[in-house]
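No experiment lies behind these values; they were computed from the predicted model shown. Atom set for the values below is all heavy atoms of this structure, side chains included, hydrogens, waters and symmetry mates excluded.
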Amino acid sequence: MLDRLHTAFHRPSTRLYRTVDAFIWILIIASILLFGVELAVEPPNSSAPDWMVALRQSRAFVILDRIFIAFFAVELFLRILSYRPSELSLLRQTPLEQLRAHVWGRIRFCMHPLVLIDFLTVLGGAPALRGLRALRLLRLLRLLRNSQIFRYSNPFYGTFQAFQENALLYTAALSFVGMVTLIGGVSIYLVERGANDQIQHVSDGLWWALVTLTTVGFGDISPSTKLGRLVGSVLMVCGMFTLALFAGIVGQTLLRSVLSIREEQFRMSNMMNHIVLCGYEPGTRMLLDQVIGEINLDNQQVVIFAPGLRPEDIPPDFYWISGDPGKESALDKARMAFASAVIIVGARSLLPQAADANTLLTIFTIRSYLRKHTVAQRRKHHLYIVAEILDAENVEHARVAGADEVIETRKLGFSLLSHAVVQRGSADIMGKITASGAHSLYLGQIPGLDLPQPFKVVAAHAKREYDILVIGIHRPASNLEELNPPDDTMVHRQMRLIYLAQKAILPA
């Protein structure tokens with residue numbers, strides 16, 4: 001019997017669990033609707049229809065509400081009863097140890113936030129605690145247990161997990177608050193009783209101590225004696241330490257959960273046609289400056305996808321997603337299937353071969369991810385990948401892995417250095433050509449020109465009509481380019497022109 005109950009309440013993959021869960025969901029929604037009717041007919045300014053008022057005043061309403069609470073109580077009891085502490089399946093124990101494991105395991109299970117919410121929902125059915133019945137709305141958080149809304153990660157469970165992992169830290173902080181509240185409340189009661197009409201019971205002193213310690217200060221109770229004011233002063237100082245203590249604990253323990261919520265929000269957004277920059281190190285900051293010069297960030301979103309927390313030097317115009325782009329399961333966080341282009345930057349902190357290995361893995365992972373993603377199959381244009389390679393031996397490997405364009409940064413830098421010795425000034429010129437804001441290299445096609453035409457005619461037309469200097473042609477089909485071709489080379493419609501200009505003139 002207990003095995004069946006355990007399956008029904010603790011094994012989401014089974015049919016019995018899904019059946020029981022669906023029935024509980026019906027009860028939750030019905031109880032919330034019932035609570036909505038109760039709120040709608042609350043006097044004195046109720047504008048609810050007559051049938052709703054009649055339903056609220058009928059005895060059936062009260063009976064139905066109690067039935068819901070009874071079902072919730074039975075479901076909670078069975079869920080706790082059928083819980084199996086993990087140590088029972090791992091360790092051989094004596095009967096006394098097993099009993100202790102059952103008791104403490106269930107106590108720990110009851111301390112879970114969602115279980116506590118269920119407890120409060122049941123307590124809201126008691127006449128003296130009817131004010132808690134609004135907590136039944138929190139039972140909607142049950143959706144977090146088996147929902148497919150958060151496909152990558154569940155940020156709410158991340159918050160719960162942060163509390164569980166730092167339970168001792170939160171317990172120590174709350175114990176400090178409780179101890180100071182108890183000492184301050186009893187002290188003010190002993191000092192002020194008989195001299196202050198506002199403090200008649202110990203509960204009055206405890207209420208005043210808690211309000212003072214948390215710096216809320218309602219003002220409904222205040223000390224009237226000098227010794228009482230001294231107690232209040234000490235409690236105020238303790239309140240400042242308490243706020244600092246909790247600010248530090250929350251900031252330290254919930255930061256990762258907050259970041260996961262931001263990542264989940266980005267994954268669930270409708271962002272498309274963005275650029276993903278994979279890999280970021282302190283030396284990559286210069287790349288961001290060049291991206292700002294080349295791309296209008298008001299119209300084009302750029303997402304930096306790299307492990308760790310967001311560095312402080314990244315401009316606010318860039319999105320930051322924490323994750324490993326070399327893991328296929330993490331690519332959904334950056335909406336990789338909807339991106340227009342990817343820039344993969346080599347890791348300067350590693351040896352060139354190790355950095356290139358990470359780059360190759362990232363390229364292969366992205367291409368593998370796209371082949372499996374249904375949305376990627378409907379793209380009009382394939383995802384364009386530009387990869388940085390540090391060792392020239394790995395250039396062809398990067399192309400085989402799926403990179404559309406490979407930049408050999410070290411070879412390019414060394415070539416400029418050696419060439420500048422012979423052709424002095426050439427490095428400065430190339431630096432200006434590759435930088436944004438000056439004459440740079442662009443690729444495009446001339447609209448309105450009947451092709452094919454000889455290269456000489458096309459270049460003259462481009463200079464005359466667009467004031468650009470055509471220096472070569474690019475053949476996309478074979479990914480080959482030809483600089484300074486013979487004048488009689490025929491330029492066809494499918495070819496693109498390589499030209500120098502201060503900005504992109506021809507359509508790509």
Practice task
Give, for atom CD1 of I275 and atom CZ of F318, the distance between the pair rounded to the nearest 0.5 Å.
Solution key: 9.5 Å
Practice task
Go through the structure and list residues passing side chain to side chain donor-acceptor pair (under 3.5 Å) with T365, not counting sequence neighbours.
Solution key: none
Handout entry: Verdict with reasoning, D356 to E393, per side-chain contact (heavy atoms from CB on, under 4.5 Å)
Key = CA-CA 10 Å; D356 288 348; E393 294 181 355; over 6 Å; no
Taking only distance into account, with no hydrogens and no angle test, what donor-acceptor pairs under 3.5 Å do side-chain atoms of residues 342-351 form with protein atoms, sequence neighbours excluded?
{"unit_1": "R348", "atom_1": "NH1", "unit_2": "G346", "atom_2": "O", "d": "3.1"}
{"unit_1": "R348", "atom_1": "NH1", "unit_2": "E388", "atom_2": "OE1", "d": "2.7"}
{"unit_1": "R348", "atom_1": "NH1", "unit_2": "E388", "atom_2": "OE2", "d": "2.9"}
{"unit_1": "R348", "atom_1": "NH2", "unit_2": "E388", "atom_2": "OE2", "d": "2.6"}
{"unit_1": "S349", "atom_1": "OG", "unit_2": "E281", "atom_2": "OE2", "d": "2.8"}

Completion exercise
In this structure, CD1 of I24 is separated from OG1 of T19 (nearest 0.5 Å) by 11.5 Å
Fill in the blank from the handout: When rounded to the nearest 0.5 Å, the distance separating OH of Y319 from CD1 of I314 is 14.0 Å
Completion exercise
Shortest non-hydrogen pair, H397 vs L360, comes out as C-CD2, 3.6 Å
Practice task
Mind checking the CD-CD1 spacing from Q290 to I295? Nearest 0.5 Å is all I need.
Solution key: 11.0 Å
Practice task
Give the C-alpha distance, both sets of side-chain angles, the deciding distance and a yes or no for side-chain contact (heavy atoms from CB on, under 4.5 Å) between H373 and L331.
Solution key: CA-CA 11 Å; H373 204 290; L331 296 181; over 6 Å; no
Problem - salt bridge (Lys or Arg N to Asp or Glu O under 4.0 Å) pairs, two or more places apart, involving residues 107-117 - result: E87-R108
Only distances under 3.5 Å count here; give the side-chain donor-acceptor pairs of residues 97-104 to other protein atoms, sequence neighbours excluded, each with its distance to 0.1 Å.
{"unit_1": "E97", "atom_1": "OE1", "unit_2": "T94", "atom_2": "N", "d": "3.0"}
{"unit_1": "Q98", "atom_1": "NE2", "unit_2": "Q93", "atom_2": "O", "d": "3.2"}
{"unit_1": "H102", "atom_1": "ND1", "unit_2": "R106", "atom_2": "NH1", "d": "2.8"}

Fill in the blank from the handout: Rounded to the nearest 0.5 Å, the CG atom of L506 sits from the CD1 atom of I468 at a distance of 4.0 Å
Handout entry: Residue pairs involving residues 362-375 (criterion salt bridge (Lys or Arg N to Asp or Glu O under 4.0 Å); sequence neighbours excluded)
Key = E328-K372, R367-D404
Extract all donor-acceptor atom pairs below 3.5 Å that involve side chains of residues 445-454 and protein atoms in other chains or at least two apart in sequence.
{"unit_1": "Q445", "atom_1": "NE2", "unit_2": "R493", "atom_2": "O", "d": "2.8"}
{"unit_1": "Q445", "atom_1": "NE2", "unit_2": "M495", "atom_2": "O", "d": "3.2"}
{"unit_1": "Q453", "atom_1": "NE2", "unit_2": "D450", "atom_2": "O", "d": "3.1"}

Problem - Point-to-point distance, once rounded to the nearest 0.5 Å, from CZ of R4 to OG1 of T7 - result: 7.0 Å
